[in-house]
Chemist: 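Please see the structure below; I have some questions.
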Amino acid sequence: MCGIVGYLGTRRAYPVLIKGLKRLEYRGYDSAGVALITDRGDLQVYKTKGKVADLEAYASDKDVTGCVGIAHTRWATHGEPNSTNAHPHYSESNNLALIHNGIIENYITLKKQLEEHGVKFRSTTDTEVLVQLIEYMQKSQNVDLLTAVRLSLQRVIGAYAIAILDKSNPGQIIAARKSSPLVVGIGEDEFFLGSDASPIIEYTDKVIYLNDGDIAVIRRNEELEIVDFNNIPLEHEIKTVDLKLGQIEKGGFPHFMLKEIFEQPECLKDCMRGRINVDQTHVKLSAIIDYKDRLLAARRFIIVACGTSWHAGLIGKQLIESICGIPVEVEYASEFRYSNPVITNEDVVIAISQSGETADTLAAIQLAKQKGAFIYGICNAVGSSIARATDTGSYIHVGPEIGVASTKAFTGQVTVLTMLALALAKEKKVISSNQYSMMVNELNAIPDKMEEVLKANDHIRDISRIFTYAHNFLYLGRGFNYPVALEGALKLKEISYIHAEGYPAAEMKHGPIALIDDEMPVVVIATQNVLYDKLMSNIQEIKARRGRVIAIVTEGDTSVKALADEYIELPRTLECLEPLLATIPLQMLAYHIAICKGKDVDQPRNLAKSVTVE
Ligand code: G6P
């Protein structure tokens with residue numbers, strides 16, 4: 001969702017804020033703004049529709065002096081993306097400026113009450129209600145800013161991370177969070193704020209992850225103070241962030257997405273490092289060692305996730321059911337949370353989330369916890385809200401993912417799920433030592449095989465040029481590759497805006513076959529596994545209707561190649577590990593088609609990387 005940056009210290013705030021916004025632009029990019037207390041003591045807000053580069057152009061002839069400021073890049077929820085609705089929002093007197101990530105759910109009631117007291121609004125956002133409420137509290141109760149913030153937040157229902165500047169107190173920023181992430185960076189005589197640590201790590205590796213209900217009071221030349229809504233001081237642990245600048249830069253690639261696609265072999269090695277010992281044929285996940293009894297006693301697993309993570313969950317279900325014999329359900333977190341699910345304390349909920357901040361997944365965890373389930377998290381972002389809300393879990397360790405369309409996080413999630421299934425099966429003694437060692441060895445070989453797949457990049461770029469004309473795509477797969485078909489279709493629609501549907505191949509004849517004509521590209525994952533012959537028949541059916549087939553085949557295949565219009569080869573692997581290879585050409589296909597269509601692959605329209613609202 002939106003990205004928040006703040007700075008108070010001895011440097012010029014503006015360049016720090018702009019650089020920080022660029023690092024957070026993946027969170028939203030329909031408008032951007034900055035508020036500074038300038039050297040002249042003015043509280044200046046500059047904001048504009050568009051991206052951070054548009055903000056820079058807009059502010060190029062303005063006074064951007066000052067060593068304290070806050071900045072925001074927006075993903076609109078309430079009010080269309082225009083300059084008026086962009087953040088920061090001034091209070092009526094222009095003495096306060098506030099930025100916000102989240103949703104104020106009771107903003108209509110609050111706005112009405114404030115209007116009855118004569119407050120005039122400029123925007124149609126929920127956020128402006130908050131800054132007006134804080135100023136109203138300040139004036140009507142004759143209190144300082146911190147008290148006004150506390151009193152206001154007590155009346156607010158919703159989710160927020162906020163930061164606020166007060167012209168009359170230029171040495172201070174107040175920030176608060178509830179259900180939206182916020183990190184405070186602590187340097188020498190300076191403080192930073194960020195929705196995540198990426199805008200901060202260039203300056204300091206010391207951070208505090210705020211908890212829900214925390215209000216941080218950042219004051220020049222003073223220690224950081226954190227209080228709750230009742231002004232009770234709270235202790236906080238300063239953490240050291242293990243994030244390198246190179247991990248959040250493009251490293252010579254034209255886009256983050258392409259960099260992240262190509263990083264996958266190394267990422268999977270990082271994901272498996274210390275967890276797979278091929279010599280001793282051993283998979284070791286600390287969560288399983290620590291919570292073995294609880295996990296082995298599970299009556300069933302319920303996987304909750306959204307988007308790409310949900311697709312990884314579908315593969316996880318097949319892995320866990322086929323290797324461990326434990327029943328698994330996979331639910332969209334957004335549906336699960338409102339479905340009054342039957343959950344007992346014999347259930348284990350596996351929450352999968354790259355960002356660790358997805359609001360629906362977090363709410364699903366809270367619900368399952370209340371009902372007594374044990375929660376296992378699979379996250380990428382270390383220290384994220386979901387990672388902290390779970391009972392235990394495994395990080396995927398693939399490094400920051402910045403392209404909005406998820407790539408390396410997906411393969412990292414599938415890798416962790418594979419290790420989880422293997423470790424559980426071993427503990428349950430339901431896997432033969434032959435099968436176990438074969439799987440461990442083959443999983444360990446996947447990064448090298450991924451390198452082979454990545455060599456097809458130029459070939460896939462050529463294929464994508466042929467199909468850029470298409471308005472619709474169908475993706476077909478079966479078994480372990482059915483979720484890969486869903487994921488391939490999602491990638492294409494996210495970044496190229498071409499309508500694409502993923503389907504279990506055999507279901508094609510129950511509807512989608514009606515769509516097939518000589519303009520319809522159909523991507524078929526037709527690798528040589530137990531369902532190969534069935535997929536051959538599906539391809540025949542498509543060709544009989546003059547559809548255009550792009551086939552993903554096992555190297556050495558001849559039969560599918562003879563039928564398909566285009567094909568991409570994959571090294572041979574175990575069927576249950578094929579998703580780790582088969583997904584890569586589909587990521588590349590989506591990438592190149594989007595590039596051919598001139599789309600912004602890293603920041604596709606209407607999407608955001610981290611969805612911290614319902
Ligand atoms: C957004 C992102 C997707 C992601 C989904 C779930 O829609 O654009 O790429 O798969 O959220 O996010 P999570 O961080 O929970 O995996």
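If you're wondering where the values come from, they're calculated on a predicted model, not measured in any experiment.
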Chemist: Does Lys47 make a cation-pi contact with Tyr58 (under 6.0 Å, within 45 degrees of the axis)?
Modeler: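 Not flagged: Lys47 not positioned over aromatic ring of Tyr58.
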Chemist: With rounding to the nearest 0.5 Å, note down the distance linking OG in Ser353 to CH2 in Trp310.
Modeler: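 Rounded to the nearest 0.5 Å, the OG-CH2 separation comes to 16.0 Å.
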Chemist: Within the side chain of Thr204, is there an N or O that forms a donor-acceptor pair under 3.5 Å with the backbone of Lys206?
Modeler: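 The answer is yes, because a donor-acceptor pair under 3.5 Å joins these two groups.
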Chemist: For Asp63 versus Leu36, what's the shortest heavy-atom pair and its separation?
Modeler: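 Nearest heavy atoms, Asp63 then Leu36: O-CD1, 4.3 Å.
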Chemist: Could you measure the distance from the CD atom of Glu80 to the CG atom of Asp30? Nearest 0.5 Å is fine.
Modeler: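 If we round to the nearest 0.5 Å, Glu80:CD and Asp30:CG are 10.0 Å apart.
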Chemist: Evaluate the ring planes of Tyr7 and Phe192, with Trp represented by its six-membered ring, and classify them as parallel (under 30°), tilted (30 to 60°) or perpendicular (over 60°).
Modeler: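 Ring orientation, 0 to 90° scale: tilted.
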Chemist: Return yes if some donor-acceptor pair links the side-chain N/O of Lys371 with the main-chain N/O of Gln366 below 3.5 Å, else return no.
Modeler: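 No: the side chain of Lys371 does not pair with the backbone of Gln366.
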Chemist: For the residue pair Lys250 and Phe256, would you count it as a cation-pi contact if the rule is NZ or CZ under 6.0 angstrom from the ring centre and within 45 degrees of the ring axis?
Modeler: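 Ring-cation test returns yes.
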Chemist: Evaluate the criterion side chain to side chain donor-acceptor pair (under 3.5 Å) for residue pair His72 and Asn101; output intermediate values, then yes/no.
Modeler: CA-CA 9 Å; His72 188 266; Asn101 170 27; over 6 Å; no
Chemist: Which pair of heavy atoms, one from Gly20 and one from Val5, lies closest together, and at what distance?
Modeler: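 Smallest heavy-atom distance, with atoms named: C-CG2, 3.7 Å.
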Chemist: Counting only N and O atoms by type, is there a donor-acceptor contact under 3.5 Å from the side chain of Asn230 to the main-chain atoms of Ile232?
Modeler: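 No; zero donor-acceptor contacts below 3.5 Å.
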Chemist: Quick check: do Val207 and Ile186 have side-chain heavy atoms less than 4.5 Å from each other?
Modeler: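 No, side chains not in contact.
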Chemist: Could you pull out the closest heavy-atom pair between Cys271 and Val416, with the gap in Å?
Modeler: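 The pair with the smallest heavy-atom distance is SG-CG2, 3.6 Å.
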Chemist: Main chain of Ser91, side chain of Glu135: is a donor-acceptor contact present, judged purely on distance under 3.5 Å?
Modeler: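 No, Glu135 side chain to Ser91 backbone: no donor-acceptor pair under 3.5 Å.
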Chemist: Determine the minimum heavy-atom distance between Thr361 and Ala351, stating which atoms define it.
Modeler: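 Taking Thr361 first and Ala351 second, the nearest heavy atoms are CG2-CB, 4.1 Å.
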Chemist: Where the side chain of Glu263 meets the backbone of Lys408, is there a donor-acceptor pair that is under 3.5 Å apart?
Modeler: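 The answer is no, because no donor-acceptor pair under 3.5 Å joins these two groups.
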Chemist: Given side chains that start at C-beta, do those of Gln138 and Leu96 come closer than 4.5 Å, heavy atoms only?
Modeler: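 The answer is yes, as the side chains (C-beta and beyond) meet within the 4.5 Å cut-off.
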Chemist: Count the heavy atoms belonging to other residues, nucleotides or ligands that lie under 6.0 Å from CD of Glu116, then report whether that count exceeds 12.
Modeler: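 Yes, enclosed.
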Chemist: Quick one: are Gln354 and Cys379 in side-chain contact, heavy atoms under 4.5 Å?
Modeler: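 They are not in side-chain contact.
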Chemist: Does CG in Asp61 sit with more than 12 non-hydrogen atoms of other residues, nucleotides or ligands closer than 6.0 Å?
Modeler: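 Counting neighbours around CG of Asp61, more than 12 heavy atoms of other residues, nucleotides or ligands fall under 6.0 Å, so yes.
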Chemist: Whether the side chain of Arg177 engages the backbone of Val183 through a donor-acceptor N/O pair (distance < 3.5 Å, no angle test) should be reported.
Modeler: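 Not at all, since once roles are kept as given, no pair shorter than 3.5 Å links the two residues.
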Chemist: Does any part of the side chain of Asn94, heavy atoms only, come nearer than 4.5 Å to the side chain of Lys167, both counted from C-beta?
Modeler: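 No - every pair of side-chain heavy atoms lies 4.5 Å or more apart.
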Chemist: Identify the heavy atoms of Ala97 and Ala35 that sit nearest to each other, and give their distance.
Modeler: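 That closest heavy-atom pairing would be CB-CB, 3.9 Å.
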Chemist: Could you tell me whether Asp39 and Arg12 have a side-chain N and a carboxylate O separated by less than 4.0 Å?
Modeler: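 Between Arg12 and Asp39 there is a salt bridge, with a charged N closer than 4.0 Å to a carboxylate O.
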Chemist: According to the interplanar angle, ranging from 0 to 90°, do the rings of His255 and Tyr591 count as parallel (below 30°), tilted (30 to 60°) or perpendicular (above 60°)?
Modeler: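 Correct class here is perpendicular.
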Chemist: For the residue pair Tyr376 / Ser394, report whether a side-chain donor-acceptor contact shorter than 3.5 Å exists.
Modeler: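 Yes, a side-chain donor-acceptor pair sits under 3.5 Å.
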Chemist: Might you work through the ring-ring contact (aromatic ring centres under 6.0 Å, His included) test for Phe410 and His311, ending with a clear yes or no?
Modeler: CA-CA 8 Å; Phe410 176 74; His311 294 155; 7.1 Å; no
Chemist: Knowing that exactly one of Leu114, Ile108, Val156, Asn106 qualifies, which makes a side-chain contact (heavy atoms from CB on, under 4.5 Å) with Val129?
Modeler: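 It is Leu114, the one option of Leu114, Ile108, Val156, Asn106 that forms the side-chain contact (heavy atoms from CB on, under 4.5 Å) with Val129.
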Chemist: If you measure only the distance, is there a donor-acceptor pair under 3.5 Å linking the side chains of Thr612 and Ser610?
Modeler: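 There is no such pair between these side chains.
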Chemist: Give a yes-or-no answer on whether the side chains of Ser385 and Glu357 include a donor-acceptor pair shorter than 3.5 Å.
Modeler: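 Short answer, yes.
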Chemist: Taking atom types as modelled, find out whether Asn211 and Arg388 have a side-chain donor-acceptor pair closer than 3.5 angstrom.
Modeler: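 A donor-acceptor contact under 3.5 Å links the two side chains.
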Chemist: Measuring only between side-chain heavy atoms, which start at C-beta, is Ile495 closer than 4.5 Å to Gln587?
Modeler: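 Of all side-chain heavy-atom pairs linking Gln587 with Ile495, none is under 4.5 Å.
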Chemist: So is Arg605 actually on top of Tyr497's ring, under 6.0 Å and inside 45° of the axis?
Modeler: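 Relative to the ring axis of Tyr497, which defines the angle, Arg605 lies inside both limits.
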Chemist: Take atom CG of Asn142 as the centre, draw a 6.0 Å sphere, and report whether it contains more than 12 heavy atoms from other residues, nucleotides or ligands.
Modeler: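 Atom CG in Asn142 is not packed in, count stays at 12 or less.
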Chemist: Any side-chain heavy-atom pair from Val184 and Ile226 closer than 4.5 angstrom?
Modeler: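 Contact flag for Val184/Ile226 side chains = no.
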Chemist: I'd like to know if Arg23 pairs up with Glu202 as an ion pair, taking the criterion as any Lys NZ or Arg NE/NH1/NH2 lying under 4.0 Å from an Asp or Glu carboxylate oxygen.
Modeler: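 Looking at Arg23 and Glu202, the cut-off is met.
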Chemist: Looking at Ser123 and Asn85, what are the two nearest heavy atoms and their distance?
Modeler: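 So the minimum-distance heavy-atom pair works out to CB-OD1, 3.2 Å.
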Chemist: Within the structure provided, determine whether Leu153 and Ile162 are in side-chain contact (heavy-atom separation under 4.5 Å).
Modeler: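 The answer is yes; the side chains approach within 4.5 Å.
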Chemist: Ignoring hydrogens and geometry, is there a side-chain-to-backbone donor-acceptor pair from Glu128 to Arg122 under 3.5 Å?
Modeler: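 Yes: the side chain of Glu128 pairs with the backbone of Arg122.
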Chemist: Given 3.5 Å as the limit, does a donor-acceptor pair link the side chain of Gln132 with the main chain of Glu92, or not?
Modeler: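 Yes; judged by distance alone, with no hydrogens or angles, the pair exists.
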Chemist: Side chains of Asp166 and Ser168: do they bring a donor and an acceptor to under 3.5 Å?
Modeler: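 Judged by distance alone, the side chains do pair up.
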Chemist: Could you tell me whether Glu190 and Arg220 have a side-chain N and a carboxylate O separated by less than 4.0 Å?
Modeler: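 Salt bridge between Glu190 and Arg220, a charged N being under 4.0 Å from a carboxylate O: no.
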Chemist: Taking the six-membered ring of Tyr29 as reference, does the NZ or CZ atom of Lys51 fall below 6.0 Å from its centre and within a 45° cone about the axis?
Modeler: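 Flagged: Lys51 positioned over aromatic ring of Tyr29.
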Chemist: Before accepting this row, confirm whether a basic side-chain N of the pair Glu249/Lys259 lies closer than 4.0 Å to the acidic partner's carboxylate O.
Modeler: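 Result for this pair is no, no salt bridge flagged.
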Chemist: Is it true that a side-chain atom of Thr73 and a backbone atom of Gly28 form a donor plus acceptor pair closer than 3.5 Å?
Modeler: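 Between the backbone of Gly28 and the side chain of Thr73 there is a qualifying donor-acceptor contact (under 3.5 Å).
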Chemist: Measuring only between side-chain heavy atoms, which start at C-beta, is Asp602 closer than 4.5 Å to Tyr26?
Modeler: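 Side-chain contact under 4.5 Å: no.
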Chemist: Please state whether the rings of Tyr160 and His100 are parallel, tilted or perpendicular, taking 30° and 60° as the class boundaries.
Modeler: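 Answer is tilted, since the angle falls between 30° and 60°.
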Chemist: Is there a donor-acceptor contact under 3.5 Å from the side chain of Glu401 to the main chain of Thr407?
Modeler: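 Yes; judged by distance alone, with no hydrogens or angles, the pair exists.
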Chemist: For salt bridge (Lys or Arg N to Asp or Glu O under 4.0 Å), just list the numbers for Lys49 and Asp54, CA-CA rounded to whole Å, side-chain angles, deciding distance to a tenth of an Å, and then say yes or no.
Modeler: CA-CA 8 Å; Lys49 185 177 172 186; Asp54 298 303; over 6 Å; no
Chemist: Take atom CD in Glu188; do more than 12 heavy atoms of anything else shown fall under 6.0 Å from it?
Modeler: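 Atom CD in Glu188 is not crowded, with 12 or fewer foreign heavy atoms closer than 6.0 Å.
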Chemist: Does Glu494 pair with Lys491 as a salt bridge, N-O distance under 4.0 Å?
Modeler: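 Salt bridge flag = yes for Lys491 with Glu494.
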